[in-house]
There are 2 protein chains.
Amino acid sequence: MKKLEQLHRPGTGTYVKGQERILQILEASRDILITNGYAGLSMRKIATAVGITVGNLHYYYPTKKDLIANLLDHVIVGYLQDFENVRTEAGTAPEDQFVAVIRLIIEDLNTPETTNFFPELWAMANHDETAAERMNELYHKARLDINELVGLINPGLSDDEREQVSLFISASMEGLTPFIGSGKPWRSKTPGITNIAAYSFLHLVKTIDSETIGELPLAAQAQA
Amino acid sequence: MKKLEQLHRPGTGTYVKGQERILQILEASRDILITNGYAGLSMRKIATAVGITVGNLHYYYPTKKDLIANLLDHVIVGYLQDFENVRTEAGTAPEDQFVAVIRLIIEDLNTPETTNFFPELWAMANHDETAAERMNELYHKARLDINELVGLINPGLSDDEREQVSLFISASMEGLTPFIGSGKPWRSKTPGITNIAAYSFLHLVKTIDSETIGELPLAAQAQA
DNA sequence: TTGAAAATAGATCTACCGTCCTAAATTTGA
DNA sequence: TCAAATTTAGGACGGTAGATCTATTTTCAA
């Protein structure tokens with residue numbers, strides 16, 4: 001895991017004013033990305049939102065590419081910090097902790113920031129290698145808790161199998177975003193769907209075994 | 001469900017040449033959207049790809065908005081046609097049909113078109129009402145098969161509960177796209193994850209009941 | 001065959017884009 | 001205090017965006 005790179009010029013952001021400016025720039029960029037989408041994110045809009053000139057903005061970020069890379073880092077770091085304290089608040093039994101984590105993640109999908117940011121991130125990752133790396137880094141860390149709990153609840157799985165189960169659970173919840181996210185048509189059904197998710201995932205983790213994961217589909221079995 | 005609107009001017013596309021042109025435009029637009037993303041989709045790129053001038057392109061689609069609306073329709077109709085014949089190929093038992101549908105949908109996630117198109121659609125739906133409507137229309141129809149099979153396997157659910165279960169299953173599979181889609185890091189784990197999904201979803205549908213879906217989370221129970 | 005409708009090319013307009021440059025103003029540590 | 005470093009404003013450049021207009025060519029049915 002690489003540490004965050006220094007993306008603006010050496011020297012920039014050394015005065016307190018500069019450091020605050022960088023934060024202002026990142027916050028404004030984040031807001032514009034969330035409300036207008038990647039296509040609507042321009043250096044001029046960012047500069048106007050911050051209240052500076054484009055020239056000044058390019059002083060901090062020589063290219064738009066640099067800014068976006070730093071923006072993704074900034075937003076993602078925020079999410080990772082949120083996830084860090086998740087488990088400490090839950091109970092002691094692994095099953096209870098697991099369900100608590102599930103509920104918390106789904107609850108977060110309802111925030112407008114999450115609802116709008118992640119689809120942008122997924123789309124960006126399809127066309128930009130840097131965005132893809134950042135995204136994988138984020139989800140890898142976000143899965144650590146789930147992965148550990150899966151291991152506690154079901155010790156019979158191999159590392160590889162456990163990670164597949166964790167990925168399936170994590171990805172499944174992400175998939176709810178365009179449907180039960182903020183302002184989405186199924187948003188009011190969130191409680192029921194959350195219960196369905198918790199019930200489904202918990203049983204999956206408790207009962208899945210290596211044979212089921214490794215099973216060949218019927219077509220492949222016939223050929224074997 | 002509205003029928004597809006006539007989005008280009010009356011008169012256009014009446015000659016055979018014009019009809020073929022429209023198809024060429026939509027295909028080229030689709031390719032560019034998939035490879036370059038929404039931000040990289042411009043009238044000029046489309047015109048160049050088709051081999052016509054921008055003026056000619058605007059003859060068919062007065063505004064870019066019109067073109068995109070028609071493009072979404074075109075791509076989505078293609079997917080709906082694919083989904084229509086899914087169930088006929090499976091066995092007779094509802095459980096077998098259900099698993100077959102699950103496997104087919106996940107298999108489709110691996111195609112580059114699906115992997116790249118849907119994240120763009122989700123992002124577009126967040127900033128464009130038309131795209132949101134098209135998307136909901138698509139997923140509603142795509143869920144019809146799953147929804148019917150869920151009802152056959154588990155007749156004890158109300159209409160509302162059944163639809164929540166179907167939505168959860170459908171959304172979960174969509175969520176796999178950014179992870180096991182074409183070129184994605186977990187792509188090689190698709191077989192195992194598919195087995196996990198089939199196992200998990202089938203048990204969910206067979207055993208879920210109204211009480212579990214309607215259950216209040218612990219925090220809410222304490223307040224009641 | 002022919003003429004009306006459709007299709008096309010090409011130029012042009014305005015707006016916005018990212019980037020670069022220079023000079024002035026501000027900050028901060030020595 | 002004061003000089004060096006940082007921050008800022010403002011303009012300019014070339015490129016591309018969507019959209020519009022006009023003139024020309026092509027299509028196709030009567």
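Lettering follows sequence order; numbering is per chain, from 1. Below, all heavy atoms of this structure are taken into account, side chains as well, without hydrogens, waters or symmetry copies. Just so it is clear, the model here is predicted, and its values are computed rather than measured.
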Classify the ring geometry between B:Phe118 and B:Tyr139 as parallel (under 30°), tilted (30 to 60°) or perpendicular (over 60°). tilted

Euclidean distance, atom CG of residue B:Asn36 to atom P of D:dT16 [Å, nearest integer]: 14 Å

Have a look at B:Gly18 and say if it touches a base, only the backbone sugar-phosphate, or nothing, with a 4.0 Å heavy-atom cut-off. sugar-phosphate

Using a cut-off of less than 4.0 Å, is there contact between a side-chain N or O of B:Arg21 and OP1 or OP2 of C:dT8? yes

Among C:dG18, D:dA9, C:dA7, which is the nearest nucleotide to the side chain of A:Lys64? C:dG18

To the nearest 0.5 Å, atom NE2 of A:His140 lies from atom OG of A:Ser166 at 11.0 Å

If we ignore angles and hydrogens, is there a donor and acceptor under 3.5 Å between the side chains of B:Thr63 and B:Asp66? yes

Does any N or O in the side chain of B:Asp128 come within less than 3.5 Å of the main-chain N or O of B:Met124, such that one atom is a donor and the other an acceptor? no

Can you tell me if A:Asn56 touches the phosphate of D:dA9, counting only side-chain N or O atoms and a distance under 4.0 Å to OP1 or OP2? yes

If you take any heavy atom closer than 4.0 Å to DNA chain C, which residues from residues 38-45 of chain A end up in contact? A:Leu41, A:Ser42, A:Met43, A:Arg44

Just how far, in rounded Å, is C1' of C:dT28 from CD of A:Gln19? 13 Å

Considering every strand and a 4.0 Å limit on heavy-atom distances, what is the contact class for B:Gly55: base, sugar-phosphate, or nothing? base

Can you check whether A:Tyr59 has a side-chain N or O nearer than 4.0 Å to OP1 or OP2 of D:dT8? no

Nearest 0.5 Å, what's the CG-NZ distance between A:Asn147 and A:Lys141? 15.5 Å

By nearest-nucleotide position on DNA chain D, the 5'-leaning member of B:His58 and A:Gly51 is A:Gly51

Between C:dT28 (C1') and A:Glu20 (CD): distance, integer Å: 14 Å

Need one value for A:Thr53: base, sugar-phosphate or nothing, where a base atom within 4.0 Å counts as base even if backbone is also close, heavy atoms only. base

Whole-Å distance separating the CD1 atom of B:Ile46 from the C1' atom of D:dT16: 14 Å

Rounded to the nearest 0.5 Å, how far does OG1 of A:Thr115 lie from CG of A:Leu176? 11.0 Å

Send over the distance from A:Ile52 CD1 to C:dA25 P, rounded to a whole Å. 19 Å

Looking only at heavy atoms, the pair that brings A:Asp159 and A:Arg162 closest together is OD1-NH2, 2.5 Å

Taking salt bridge (charged side-chain N to carboxylate O under 4.0 Å, His left out) as the cut-off, I'd like each qualifying pair that reaches into residues 25-54 of chain B, sequence neighbours left out, listed once. none

At less than 4.0 Å, is any side-chain N or O atom of A:Tyr60 found next to OP1 or OP2 of D:dT6? Yes or no. no

Just checking, any donor-acceptor pair under 3.5 angstrom between side chains of A:Asp108 and A:Thr114? yes

Atom CD1 of A:Ile68 and atom P of C:dC17: how far apart are they, to the nearest Å? 13 Å

Contact list (N/O, under 3.5 angstrom) for nucleotides 26-30 of chain D vs protein:
residue	atom	partner	partner atom	Å
D:dT27	O2	B:Tyr15	OH	3.0
D:dC28	OP1	B:Val16	N	3.3

Flag for B:Lys184-A:Asn126: side-chain donor and acceptor within less than 3.5 Å: yes

Could you tell me how far apart B:Leu57 (CG) and D:dA17 (C1') are, to the nearest whole angstrom? 13 Å

If I take atom CG in residue B:Leu67 and atom P in nucleotide D:dA17, what distance separates them, rounded to the nearest angstrom? 14 Å

